[in-house]
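Have a look at the structure below before the remarks.
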Amino acid sequence: MSAETPGRRARRKTTVPRGSDRPEDEWLPIPRLAMFGLQHVLTMYGGIIAVPLIIGTAAGLTGEQTALLVTASLFVGGLATVLQSVGLPYLGAKLPLVQGVSFAGVATMLAILAGPGNDLTTVLGAVIVASLAGFVIAPFFASIIRFFPPVVTGTVITAIGLSLIPVAANWSMGGDSEADDYGSLANITLAFITLGAIMLLSKIGSAAISRLSILLGLILGTAVGGLMGLTDFTEVGDGAWASLPGVFAFGVPTFDAAAIISMFIVILVAKTETVADLIAVSEIIDTRVDRRRIADGLRADMLSSAIAPVFGSFTQTAFSQNVGLVALTRVKSRFVVAAGGVFLVTMGLLPVLGQAIAAIPMPVLGGAGIMLFGTVAGSGIRYLKTVAFDGNMNLIIVSASLAFAMIPVVQEDFYHAFPSWFQTIFHSGISSAAVMAVLLNLLFNELRFGTPKDPSVFAAKPIRVLSPTNLKELKEDDVFVDGRFLDCDGEEIPVVPDDKVAEIRDAIDAGEITDTSQVQIVAESGRPALHGEDDPRSPDRAQESEIADPDSEVTDREPGGPRRPE
């Protein structure tokens with residue numbers, strides 16, 4: 001037996017373990033795990049600290065107390081990420097999903113804080129009770145997997161990316177709308193420099209550099225930001241270098257029924273977003289996800305959310321921007337994400353590391369976000385390519401759902417006159433798209449009663465015609481059966497005389513012909529002929545046209561099989 005070479009040993013280390021056929025189970029060498037894991041942390045860092053900063057300010061906390069919220073969010077997010085990616089029995093989807101504080105609850109938590117007699121302990125108590133309720137219903141909620149066919153999944157994935165674009169734009173402008181330099185030329189230029197660096201690094205032939213393009217782009221962007229005077233490391237090292245998160249540092253949680261009900265609605269929204277992200281990442285890495293796996297993922301989400309308030313954090317959910325990173329880098333290993341979770345836990349224990357990461361200019365994160373969030377939207381569009389849009393209502397499902405997703409994105413106060421529970425659900429473009437896509441799919445594809453054969457002009461199938469001497473428009477799935485051309489749905493493709501093709505196509509474009517049954521096949525005598533002896537579609541005439549046109553471009557027909565163009 002020949003000795004194992006270092007190269008072969010390295011390749012073996014990056015293969016999927018024996019006994020597993022799942023790409024997410026791939027194990028990489030420790031240095032690569034660390035680099036790719038750090039890349040995930042840098043990608044989501046701006047998002048994970050945003051919520052505690054917003055809530056801390058609204059709750060009137062001091063700077064030191066707000067820093068505790070941020071540290072707790074890093075610590076809990078890391079634990080939740082490790083649980084979700086590595087998993088325990090009945091806990092964790094074991095997929096490359098990064099967990100962090102959910103944006104879905106910001107509006108509700110601000111509303112709770114504004115209530116009479118409420119404070120941060122009221123928010124934390126509501127999160128605990130609502131998350132425990134979400135943990136109990138996780139297996140039942142996972143049953144919705146059958147209501148996420150490709151038309152729904154592709155729509156929601158696309159909506160995730162599109163809904164996050166404004167976040168990237170805000171980061172690119174500086175992240176703080178109250179700052180004097182918000183939206184300045186310097187900020188936006190730095191974002192574009194970072195974006196350009198990521199694109200160029202992605203084009204380099206080296207696979208290692210290409211997959212680390214986000215991390216390297218962030219480093220280069222930070223360096224350029226330093227030259228532009230936009231990077232500030234002066235606060236790195238201030239305060240304790242290491243500390244444990246406090247337990248109930250903000251007081252013992254209090255429980256208010258209205259706050260709990262409001263937060264439970266947030267939990268349902270967070271579950272919907274987690275399911276969407278879970279399905280999205282499973283499609284990107286090409287692995288199977290069933291109801292059991294979704295339930296395990298939701299239970300991990302809810303357990304992490306219930307524990308988070310103990311340390312001073314909030315509802316946990318999967319981060320969509322990291323789904324985009326998986327799609328962009330094509331690194332499918334869940335252990336890479338677990339390594340990122342370890343980094344987050346470490347940052348929660350070592351505030352100095354968090355301070356160093358926080359020194360990355362927000363426009364740099366924005367430039368990376370443009371690429372990442374756009375990649376998520378692109379993945380959804382690619383997935384929608386597998387959806388059939390002819391002869392059904394799928395186009396309406398996609399169009400209406402994406403439109404609803406964009407309403408709160410382009411007009412934030414659109415739902416301000418609605419009840420607070422309604423605002424909680426539909427203020428998120430992601431949950432708006434998910435709810436609308438599921439409901440419309442139920443209406444049009446599950447509840448078929450009352451749906452006509454040709455339900456809408458939006459679902460109209462393009463009308464095709466052929467002529468005897470020009471069959472170039474035949475497609476791969478067309479067949480020639482009993483003297484007739486049939487498309488992939490078994491519908492007949494009319495054959496018309498050459499001199500009538502232009503006239504009939506003009507009538508189709510003008511809307512005078514809306515169905516293939518309305519196409520009149522005109523014989524040489526000028527009278528209509530449908531399946532008659534003068535009908536070119538009859539077997540005899542079809543055979544004559546073949547004989548008359550021996551140079552036809554249709555070739556390679558197997559006996560009884562389809563005729564295909566060259």
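Quick note: numbers below take in every heavy atom, side chains included, and nothing from hydrogens, waters or symmetry partners. The shown structure was predicted, so the numbers you read here are calculated from the model rather than taken from an experiment.
Under the side chain to side chain donor-acceptor pair (under 3.5 Å) criterion, Ser305 pairs with no residue, sequence neighbours left out. For Asp296, the salt bridge (charged side-chain N to carboxylate O under 4.0 Å, His left out) test picks out Arg292, Arg299, with sequence neighbours left out. For Glu178, the side-chain contact (heavy atoms from CB on, under 4.5 Å) partners are Asp176, not counting sequence neighbours. With sequence neighbours left out, the side chain to side chain donor-acceptor pair (under 3.5 Å) criterion links Thr189 to no other residue. Listed by chain and residue number, Ala186, Leu190, Val224, Leu230 satisfy the side-chain contact (heavy atoms from CB on, under 4.5 Å) test with Met228 (two or more places apart in sequence, or in another chain).
Although no hydrogens or angles enter the test, the distance criterion places no donor-acceptor pair under 3.5 Å between the side chain of Ser304 and the main chain of Ala80. Put simply, the side chain of Arg22 never gets that close to the backbone of Leu95: no donor and acceptor are under 3.5 Å apart. In this structure, the side chain of Thr155 does not engage the main chain of Val398 through any donor-acceptor pair within 3.5 Å. Here the side chain of Ser313 pairs no donor or acceptor atom with the backbone of Ala308 at under 3.5 angstrom.
Sorted by first then second residue, the salt bridge (charged side-chain N to carboxylate O under 4.0 Å, His left out) pairs that include residues 331-352, not counting sequence neighbours, are Asp25-Arg334.
A 6.0 Å sphere centred on CG of Asp413 holds more than 12 heavy atoms belonging to other residues, nucleotides or ligands. Other residues, nucleotides and ligands place more than 12 heavy atoms under 6.0 Å from the CZ atom of Phe255. Phe248 CZ: more than 12 foreign heavy atoms inside a 6.0 Å radius. Within a 6.0 Å sphere centred on CZ of Phe404, heavy atoms belonging to other residues, nucleotides or ligands number 12 at most.
In this structure the side chain of Ile370 never reaches within 4.5 angstrom of the side chain of Trp171, judged on heavy atoms. Val326 places none of its side-chain heavy atoms less than 4.5 Å from the side chain of Val331. When side chains are defined from C-beta on, Asn187 does not count as touching Ser172, because their heavy atoms never get closer than 4.5 Å. Residues Ile407 and Tyr415 are in side-chain contact: their nearest non-hydrogen atoms beyond the backbone lie under 4.5 Å apart.
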Give the intermediate values and the outcome of side chain to side chain donor-acceptor pair (under 3.5 Å) for residues Thr317 and Thr274. CA-CA 6 Å; Thr317 189; Thr274 293; 2.7 Å; yes
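Thr121 and Thr254 share a side-chain donor-acceptor pair at under 3.5 Å.
One finds a salt bridge joining Arg293 and Glu24 here, because a Lys/Arg side-chain nitrogen approaches an Asp/Glu carboxylate oxygen to under 4.0 Å.
Paired with Leu303 under the rule side chain to side chain contact (heavy atoms under 4.5 Å, CB included), one option of Leu91, Leu132, Leu88 passes, and it is Leu91.
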